[in-house]
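Positions are given from 1, in the same order as the sequence printed here.
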Amino acid sequence: MKKHLIIFVLFCTVGSLQAQKPTFWNRVNNLLTKPANVDSTRVYQPTAGFSLGVFSTLQKSGFDVNADFRIDDYMDGLPLEGVSNYSLSEKLCKKVGLEVDYGNFGFGYSLEVGPRSANKRSGIGFSYMGKSFGARINYYKITNPFVTGLTVGNEGDDNFFHYDFSPDEEATLKSFSIDGYYVFNNKRFAYPAAYKRGLVQRRTTGSWLLTARYMQGDLYNSPEAAWDTYNMVDCFATMQASVGGGYSVNFVPWHRDPTGPRDAGLRNLTINLTAMPVLTAFNYLKTISYEYDDAGNKTGETISKAYCYPMPNYIGSAAVSMTFGHIYFSAQFTYNTFYFRSNNAFNAKHLELPDYVDYLSYRGNFYDWLLKGLLVYSF
């Protein structure tokens, strides 16, 4: 009898353990809804679940480059300064979209509405905003006419020359970036509070942040458009790696903890301000100059490469969020600008420029800003 009782108990114990063994989907759910280790007097974490949001964005991106050159022996041995400028940008881009979140993760999809911002525009992005760290991955592609100009000398001088030109042919701008952050005071400060619904800041708190960013951009001008513009350089490519840090603060003028599952009324108002200056330590620039025959047909290309000076740059954001029961609203603004500047690393002979041009350097920047309104309902 005892033998059978022992066997029965062991059978039930093993069966119970097998029944409690987590499935793959249970593991995924535990990862998505794992509670954050926070100071509950400063940060409140709502129960993880599904939420559905609608959003609208205004965005503008572009790339500007100036090529500074000097003619040393132009007239009576006097130098003559000149600049050749290049630009490709879009009009204001307006989008609407849907966003689905579960726990700390989410996915969004948007479409451009109204007048088009460019002849062609496409993009994709992904972001994860956790209490300790987060990352954003963004890619966009813009196709528009290439705007260029050339200025030689000073206005009012006899040798002054200037023109602006935009050919009918199109050029393409591509940008890919990865940037991330780490929050030092991550138990008392909820950086995502004003941007996502997963964490709520109870009291005004701030923290120092560490950030890093990698960006790659390409400005491709077609041979046909380049032949029309008569400029020195036709295509640009840049790679930049930046590190830095800054400070972020959540101002909480109003907070009231929920008293029930359907608590109504204003529960939270949070305002976030973030400034993160960075140093672009690795700054690489490549240029392409097309070669043509007398009929304007492309016969080859000349490539020049250089490492640019380290440059200070800036990443900034601001947001305000309000919570009304199960409704969450957030208005967000982000701003990125990344500059580059070369020394006289470009030998004019490499670009097959006229012999009288003996100095050539580049300066420019990528820029991208975004204004977003997000309205979320949590189930």
Side-chain angles (χ1 to χ4, degrees), residues 33-49 51 53 55 57 99 101 103-106 127-136 179-213 244-278 314-336 369-378:
T33 61
K34 182 179 179 180
N37 181 18
V38 295
D39 180 352
S40 59
T41 64
R42 296 274 179 166
V43 178
Y44 167 72
Q45 184 176 25
T47 302
S51 62
F55 63 88
T57 62
E99 182 175 301
D101 294 303
N104 294 325
F105 292 81
S127 66
Y128 169 76
M129 297 187 70
K131 75 175 187 72
S132 302
F133 64 90
R136 286 182 287 264
D179 58 281
Y181 67 84
Y182 176 79
V183 179
F184 288 97
N185 188 18
N186 51 62
K187 291 186 177 181
R188 307 181 71 195
F189 173 69
Y191 177 61
Y195 300 89
K196 295 182 73 69
R197 166 188 176 277
L199 293 172
V200 179
Q201 189 77 55
R202 277 180 161 142
R203 297 167 58 187
T204 298
T205 309
S207 175
W208 293 101
L209 274 68
L210 181 68
T211 185
R213 191 174 200 263
Y247 196 79
S248 181
V249 59
N250 282 334
F251 298 98
V252 186
W254 176 266
H255 176 77
R256 177 172 61 88
D257 287 334
T259 58
R262 291 289 173 180
D263 194 21
L266 177 64
R267 291 210 319 262
N268 183 271
L269 174 62
T270 299
I271 303 170
N272 175 265
L273 296 176
T274 302
M276 293 190 289
V278 298
Y314 179 76
I315 301 173
S317 63
V320 56
S321 67
M322 293 181 290
T323 304
F324 298 86
H326 280 228
I327 302 296
Y328 173 85
F329 171 76
S330 174
Q332 309 163 17
F333 176 75
T334 58
Y335 176 78
N336 296 289
W369 64 264
L370 172 74
L371 179 63
K372 177 179 181 180
L374 172 66
L375 183 64
V376 175
Y377 180 83
S378 58

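- Here the shortest heavy-atom pairing between Thr204 and Val252 reads OG1-N, 3.0 Å.
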Take Thr270 and Asn268 through the side-chain hydrogen bond (donor to acceptor under 3.5 Å, both in side chains) test and state the conclusion after the steps.
CA-CA 6 Å; Thr270 299; Asn268 183 271; 2.6 Å; yes
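- A 4.5 Å side-chain heavy-atom check between Arg202 and Ser40 finds at least one atom pair inside the cut-off.
- Using a 30° and 60° split on the angle between ring planes, Tyr335 and Tyr314 fall in the tilted class, from 30° to 60°.
- The structure places OG of Ser132 at 11.5 Å from CZ of Phe184, a figure rounded to the nearest 0.5 Å.
- Separating the OH atom in Tyr44 from the CZ atom in Arg256 is a distance of 11.5 Å, to the nearest 0.5 Å.
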Residue pair Asn250, Thr205: steps toward the side chain to side chain contact (heavy atoms under 4.5 Å, CB included) verdict
CA-CA 6 Å; Asn250 282 334; Thr205 309; 5.8 Å; no
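- Here the rule is side-chain contact (heavy atoms from CB on, under 4.5 Å) with Tyr328, and of Val376, Asp101, Val200 only Val376 fits it.
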Side-chain donor-acceptor contacts of residues 186-195 below 3.5 Å, not counting sequence neighbours, with atom names and distances?
| residue | atom | partner | partner atom | Å |
| --- | --- | --- | --- | --- |
| Asn186 | OD1 | Lys131 | NZ | 3.2 |
| Asn186 | ND2 | Val183 | O | 2.9 |
| Tyr195 | OH | Asn272 | OD1 | 2.8 |
| Tyr195 | OH | Ser317 | OG | 3.0 |

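- Atom CE of residue Met322 and atom CG of residue Leu375 lie 10.0 Å apart, to the nearest 0.5 angstrom.
- Residues in residues 317-327 take part in no salt bridge (Lys or Arg N to Asp or Glu O under 4.0 Å) pair, two or more places apart or across chains.
- With rounding to the nearest 0.5 angstrom, the CZ atom of Arg267 is 8.0 Å from the NE2 atom of His255.
- In this structure, CG in Leu269 is found 7.0 Å from OG in Ser321, a value given to the nearest 0.5 Å.
- Heavy-atom neighbours of Phe55 CZ from other residues, nucleotides or ligands within 6.0 Å: above the threshold of 12.
- Of all non-hydrogen atoms in Ser378 and Ser51, the two that sit nearest each other are CA-CB, 3.9 Å.
- Closest approach of Ile327 to Tyr377, counting heavy atoms only: CD1-CD1, 3.4 Å.
- For Trp369, the CH2 atom counts as densely surrounded, since its 6.0 Å shell holds more than 12 non-hydrogen atoms of other residues, nucleotides or ligands.
- The structure places CE of Met276 at 10.0 Å from CZ of Arg213, a figure rounded to the nearest 0.5 Å.
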